[in-house]
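Written below as structure tokens is the structure these notes are about.
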Amino acid sequence: MYYGSRIIVALDPPDGVNVIDWCLNIVRETRDLVAGYKIGLPLVVRLNSMEDLSILSKAMDGDRLKIVDLKLADIGNIMVSAVKPFIHHGFNYFIAHSFIGCRDGLDVLNSFLRENNAWLITVVSMSHRGSVEAMDDVVEKLLEISVNTGAWGVVAPATRPEIIRFVRKHIGSRAKILSPGIGPQGARPGDALMAGADYEIIGRMITRSSDPRHVVEEINKIHESPLREG
Ligand code: BMP
């Protein structure tokens with residue numbers, strides 16, 4: 001068993017595959033080398049049965065982060081309805097947008113998650129360029145909402161390390177930072193960790209490779225070096 005990996009693999013299946021078989025192959029090849037997995041709409045909308053999620057969550061080792069990324073942005077009651085089936089099938093971390101606010105929104109979701117041994121992750125800035133059009137102007141406000149809600153973690157972009165540095169300075173150790181945007185989106189493995197992130201969310205660089213296990217091993221090595229220096 002490999003402890004200490006900072007990699008969360010984004011399981012976004014390509015066209016033309018059986019999505020559960022595709023995920024299971026990658027999970028079985030990498031589960032002893034990563035911190036966790038993230039599933040989202042590209043997988044969920046192609047499931048034949050929600051029961052398949054149990055097979056998938058069981059294949060991930062028990063102590064992995066099993067993140068569901070629906071980027072929820074609704075009233076609390078509706079978000080609770082949306083996460084319930086995933087909790088039932090063994091998933092335990094859920095991503096929601098922070099811009100919806102705490103009262104009757106994130107606070108309701110967070111309370112429900114905590115009662116069910118699950119944790120909230122909020123989005124405070126995104127990795128694509130459009131994030132600067134609105135979200136990045138209010139990152140501080142979004143962080144305040146996230147911290148007031150008691151979010152376990154926040155998503156901030158590996159593509160803009162200055163935002164990660166800002167987020168870390170602002171929240172200290174009150175929440176984890178999870179950073180996507182590595183590989184096809186432009187950031188390099190290790191960039192986000194160097195800026196203060198706790199985990200790097202990495203999809204295609206690993207999942208589209210002919211040897212996902214090897215890529216994960218190489219990224220773990222890169223991650224260990226900045227951490228040693230830091
Ligand atoms: P990839 O490494 O293949 O670019 O995938 C990145 C993953 O992170 C995707 O699942 C995407 O939904 C997610 N993500 C992102 O790319 N940017 C964000 O700002 C927030 C995300 O959740």
Side-chain angles (χ1 to χ4, degrees), residues 5-15 17 19 22-23 26-27 30 34-47 56 60 64-73 79 82-83 86 91 93-100 119-139 142-143 146 151-164 166-167 175-193 195-210 212 215-216 218-220 222-223:
S5 174
R6 307 301 191 93
I7 300 173
I8 294 167
V9 183
L11 294 170
D12 300 316
D15 293 342
V17 298
V19 292
W22 181 87
C23 288
I26 291 170
V27 168
T30 58
V34 302
Y37 297 92
K38 179 178 87 68
I39 64 166
L41 288 173
L43 167 66
V44 172
V45 297
R46 288 166 63 190
L47 287 173
L56 186 56
M60 299 166 182
R64 302 297 89 154
L65 290 92
K66 301 176 188 180
I67 303 174
V68 179
D69 177 13
L70 303 176
K71 296 212 176 55
L72 296 163
M79 295 193 289
V83 300
F86 294 93
F91 286 82
Y93 291 80
F94 293 85
I95 299 182
H97 270 296
S98 48
F99 61 70
I100 59 173
W119 287 269
L120 176 66
I121 299 166
T122 57
V123 183
V124 297
S125 173
M126 295 188 68
S127 58
H128 67 308
R129 287 183 296 160
S131 188
V132 304
E133 294 166 18
M135 286 186 87
D136 286 12
D137 287 341
V138 288
V139 174
L142 299 178
L143 284 170
S146 304
W152 173 87
V154 299
V155 174
T159 46
R160 292 194 303 292
E162 68 281 7
I163 299 269
I164 299 176
F166 177 83
V167 170
K176 305 284 184 199
I177 301 175
L178 295 79
S179 295
I182 290 122
Q185 295 190 57
R188 293 164 308 175
D191 283 354
L193 294 192
D198 296 284
Y199 297 100
E200 294 189 347
I201 296 173
I202 307 177
R204 289 164 291 176
M205 189 177 188
I206 294 168
T207 63
R208 302 295 199 273
S209 141
S210 57
V215 177
V216 164
E218 291 303 307
I219 298 172
N220 276 335
I222 294 168
H223 281 177

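Just so it is clear, the structure is predicted and the values come from calculations on it, not from any experiment. The basis for the numbers below is simple: all heavy atoms, side chains too, and nothing from hydrogens, waters or symmetry mates. Note that ligands are numbered from 1 as they come in the structure, with each ligand's atoms numbered from 1 the same way.
Within ligand 1, the atoms closer than 4.0 Å to a non-hydrogen atom of D69 are 12 (O), 22 (O), numbered from 1 in the order shown. Per-residue contacts place I182 under 4.0 angstrom from the following atoms of ligand 1 (heavy atoms of the residue considered): 2 (O). The contact set between ligand 1 and D12, taken as ligand atoms under 4.0 Å from a residue heavy atom, comprises 9 (C), 10 (O). Of all the atoms in ligand 1, the ones that sit under 4.0 Å from a non-hydrogen atom of K71 are 12 (O), 20 (C), 21 (C), 22 (O). Within ligand 1, the atoms closer than 4.0 Å to a non-hydrogen atom of A10 are 7 (C), 10 (O), numbered from 1 in the order shown. Heavy-atom proximity to S127, at under 4.0 Å, picks out these atoms of ligand 1: 15 (C), 16 (O), 17 (N), 18 (C), 19 (O).
For the residues R204, K38, M126, the heavy atom positioned nearest atom 12 (O) of ligand 1 is part of K38.
You'll find the side chain of I8 stays beyond 4.5 Å of the side chain of E200, heavy atoms only. In this structure the side chain of I7 reaches within 4.5 angstrom of the side chain of V9, judged on heavy atoms. Considering only heavy atoms from C-beta on, V68 stays 4.5 Å or farther from Y93 through its side chain.
Residue pairs meeting the side chain to side chain donor-acceptor pair (under 3.5 Å) criterion with at least one partner in residues 176-186, sequence neighbours excluded, are S127-Q185.
Within a 6.0 Å sphere centred on CZ of R188, other residues, nucleotides and ligands contribute 12 heavy atoms or fewer.
With respect to atom 8 (O) of ligand 1, the closest heavy atom belonging to the protein is P180 CB, 3.4 Å. Atom 16 (O) of ligand 1 has Q185 NE2, 2.8 Å as its closest protein atom, hydrogens excluded (heavy atom only).
The salt bridge (Lys or Arg N to Asp or Glu O under 4.0 Å) check on D12 picks up nothing, with sequence neighbours excluded.
Inclusion of G203 in the set of residues having an N or O under 3.5 Å from an N or O of ligand 1 is warranted. Checked against a 3.5 angstrom limit, the closest N/O atoms of H128 and ligand 1 fall outside it. Considering backbone and side-chain N/O atoms, S125 never comes within less than 3.5 Å of an N/O atom of ligand 1.
For the pair T122 (side chain) and A96 (backbone), a donor-acceptor distance under 3.5 Å is absent.
W119 and F94 have their aromatic ring centers separated by at least 6.0 angstrom.
Defined by atom type and a distance below 3.5 Å, a donor-acceptor pair is missing between the side-chain atoms of R204 and S209.
Judged by the shortest distance from any of its heavy atoms, M205 lies outside the 4.0 Å radius around the atoms of ligand 1.
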